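Everything quoted here is computed from the prediction, not taken from an experiment. Atoms considered below: every heavy atom in the structure, side chains included; atoms not considered: hydrogens, waters and symmetry mates. Numbered from 1 within each chain, the chains take letters A, B, ... in sequence-line order.
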Number of protein chains: 2
Amino acid sequence: MAAQRGEGDGVVTRPQGTSPAGTSPQGTTNSEAPADVRERARAIPEAAVARLAVYLRVLSGMVEQGVTTISSEELAGAAGVNSAKLRKDLSYIGSYGTRGVGYDVEVLVSHIERILGLTRKHSVAVVGIGNLGHALANYGGFPSRGFPVAALFDIDPDLTGVPVGGIPVDHIDDITTVCAEREVSIGVIATPPQAAQAVCDRLVSAGVQCILNFAPVVLQVPDYVEVRKVDLAVEMQILSFHVARRADEAAGDVVNGIGVDGVVIRP
Amino acid sequence: MAAQRGEGDGVVTRPQGTSPAGTSPQGTTNSEAPADVRERARAIPEAAVARLAVYLRVLSGMVEQGVTTISSEELAGAAGVNSAKLRKDLSYIGSYGTRGVGYDVEVLVSHIERILGLTRKHSVAVVGIGNLGHALANYGGFPSRGFPVAALFDIDPDLTGVPVGGIPVDHIDDITTVCAEREVSIGVIATPPQAAQAVCDRLVSAGVQCILNFAPVVLQVPDYVEVRKVDLAVEMQILSFHVARRADEAAGDVVNGIGVDGVVIRP
DNA sequence: TCAACTTTGTGCAAGCGTTCACAAGCGGTA
DNA sequence: TACCGCTTGTGAACGCTTGCACAAAGTTGA
């Protein structure tokens, strides 16, 4: 087992001096979640949130296998992290382990789900029904994990009304009304780069506050909107960097020629 | 403009005490790149590498628009980062700016491309020709950016020989020979989760050292293999967390009820 | 009941990455 | 040539994240 990187490893990139909306911890509590849970959630590092999602998936698998209890060491191994880090991550959401025993899998699952806000359904709208949009609309992983795809949009009038993955495509001009009607809380942009910013603006004005962007563009959004991006080209280029670095290291360490151009080197 | 997170923001997650192969900077140099460039490349933080890829895309757009010179402030704005960070990132690859003027766009492009190893072509193999695999095979962004898709694999014999995006699908059993023949350096896993680890093992034994994993599984690989993962479910759950946190904050700040369940709040 | 063993939860220190702030350097202008 | 304004490059401070190490707390078995 070795380096495992990527996805949303949590370093925040805020332009300007924008701070994460420092609301004072006052006022009468009136939510479904108790005050201390809210307080905790606010303090969880972004990096830890990403890992919690991974732990959750591993734990879900455990539940299916009938595992009822798991130690930090085991869970950490399965999730590909250090056990100390895992325990610290879990401590952010509370102390739900039993010393000398480990964690009750189901208890942990329910607490992580609560912290991640998965007790509520989050309707998703996919914009741009090209290759990727099709794949996303048909992707079974969304609905099964509490993210029902509630709407599809495209600019092509020929697609309007055509069902994809069981949901009829709406025209992009109807974003505002349809998103409001179906209470969409997450927008997924799978359009060509040229259209992405315009689509993003429409989603924002339709009240969508969370966006997952597959278009290779840096979106400009208001402060209160959360954007995450998945950029395949960037991922490939990071891998390319490592290929190059490796080849260079090999060229520097190994004597003359070996390790250059396709010869496999295993340090 | 506001929070822009995600993708490969560069926090390294290494299990155990694995260190990034600390090869001593000695031996006679024999690569295409000069020694100081190699030395630099080794020291670039992962997070900076991810951003360099973004800068590169922005700069490519600039070239097309005929821009010849750009200041750190402008480029930073377009890339959605702080200008100090941008300058530091660029300083990792060398001093190619002119004080009082800015950076020559084309010079910068060529240096970033060199550092990212984009002067060499990196052949890509996509494994798993389902919805996502189809989308990836047809995705124009890969070949145009120096990542030609050289091979497709699936376990379904009915697919074998069928061309997708112009490339015939090979059977998964032929991974080793085909990857070697076509000098594949990057493997993309787009299979169902159950198959991912097995596919990964085959890719590794075929000599592939860089893997982009779309399957929602934590892959176990040897130290010398670089894995990046793109996990849609995790991305969605991180967004979900922010939706929840926001709703909670609103519930705490706003008096009674407003902001809960779908009512749009703009701080 | 007590001792031995196991595993959690966390204070603390080290390591990275980000941000600040400013000296150094370059082009333009008189 | 000397000055001025602008922009880069970077040392240093800061803050977040990680990893270590250990006390606290629970279980098991005699």
Would a distance-only check, ignoring hydrogens and angles, find a side-chain to backbone donor-acceptor pair under 3.5 Å from B:His122 to B:Gly117? yes
Rounded to whole Å, CD of B:Glu46 lies from P of C:dC16 at a distance of 13 Å
B:Tyr103 has its side chain closest, among C:dA21, C:dG27, D:dG9, to D:dG9
So, do A:Arg57 and B:Asp231 sit near enough that their side-chain heavy atoms are less than 4.5 Å apart?
yes
Closest of D:dT18, C:dT10, C:dC22 to the A:Ala47 side chain is D:dT18
When rounded to whole Å, the CZ to P distance for the pair B:Arg87 and C:dG25 reads 16 Å
Nearest-nucleotide check on DNA chain D, A:Ala84 vs B:Gly100; residue mapping nearer the 5' end is B:Gly100
A:Arg51 CZ to D:dC16 C1', in whole Å, measures 12 Å
Out of D:dT8, C:dT19, C:dT10, minimum distance to the side chain of B:Lys88 belongs to C:dT19
Closest to the side chain of A:Asn82, out of D:dC20, C:dG9, C:dT19, is D:dC20
B:Asp104 atom CG is separated from D:dT7 atom P, nearest whole Å, by 16 Å
note: A:Glu73, atom CD; D:dA21, atom P; distance rounded to Å ~ 14 Å
Of the candidates D:dT18, D:dG9, C:dA21, the side chain of B:Arg99 sits closest to D:dG9
Atom CG of A:Leu90 and atom P of D:dT17 are separated, to the nearest Å, by 16 Å
Regarding B:Glu46 and B:Arg51, does a basic nitrogen lie under 4.0 Å from an acidic carboxylate oxygen? no
- Task: Considering just the side-chain nitrogens and oxygens of A:Tyr92, establish if one lies under 4.0 Å of OP1 or OP2 belonging to D:dC16.
- Result: no
Atom NZ of B:Lys85 and atom C1' of C:dC16 are separated, to the nearest Å, by 13 Å
Original post:
Is there a side-chain contact between B:Tyr103 and B:Arg87 (heavy atoms, below 4.5 Å)?
Top reply: yes
Side-chain atoms of B:Ser72 come closest, of D:dT18, C:dT8, D:dT8, to D:dT8
Rounded to whole Å, the CG-P distance (A:Leu86 to D:dG19) equals 12 Å
Item to complete: Compute whether any side-chain donor of one residue and acceptor of the other, for B:Tyr96 and B:Asp104, lie under 3.5 angstrom apart.
Response: no
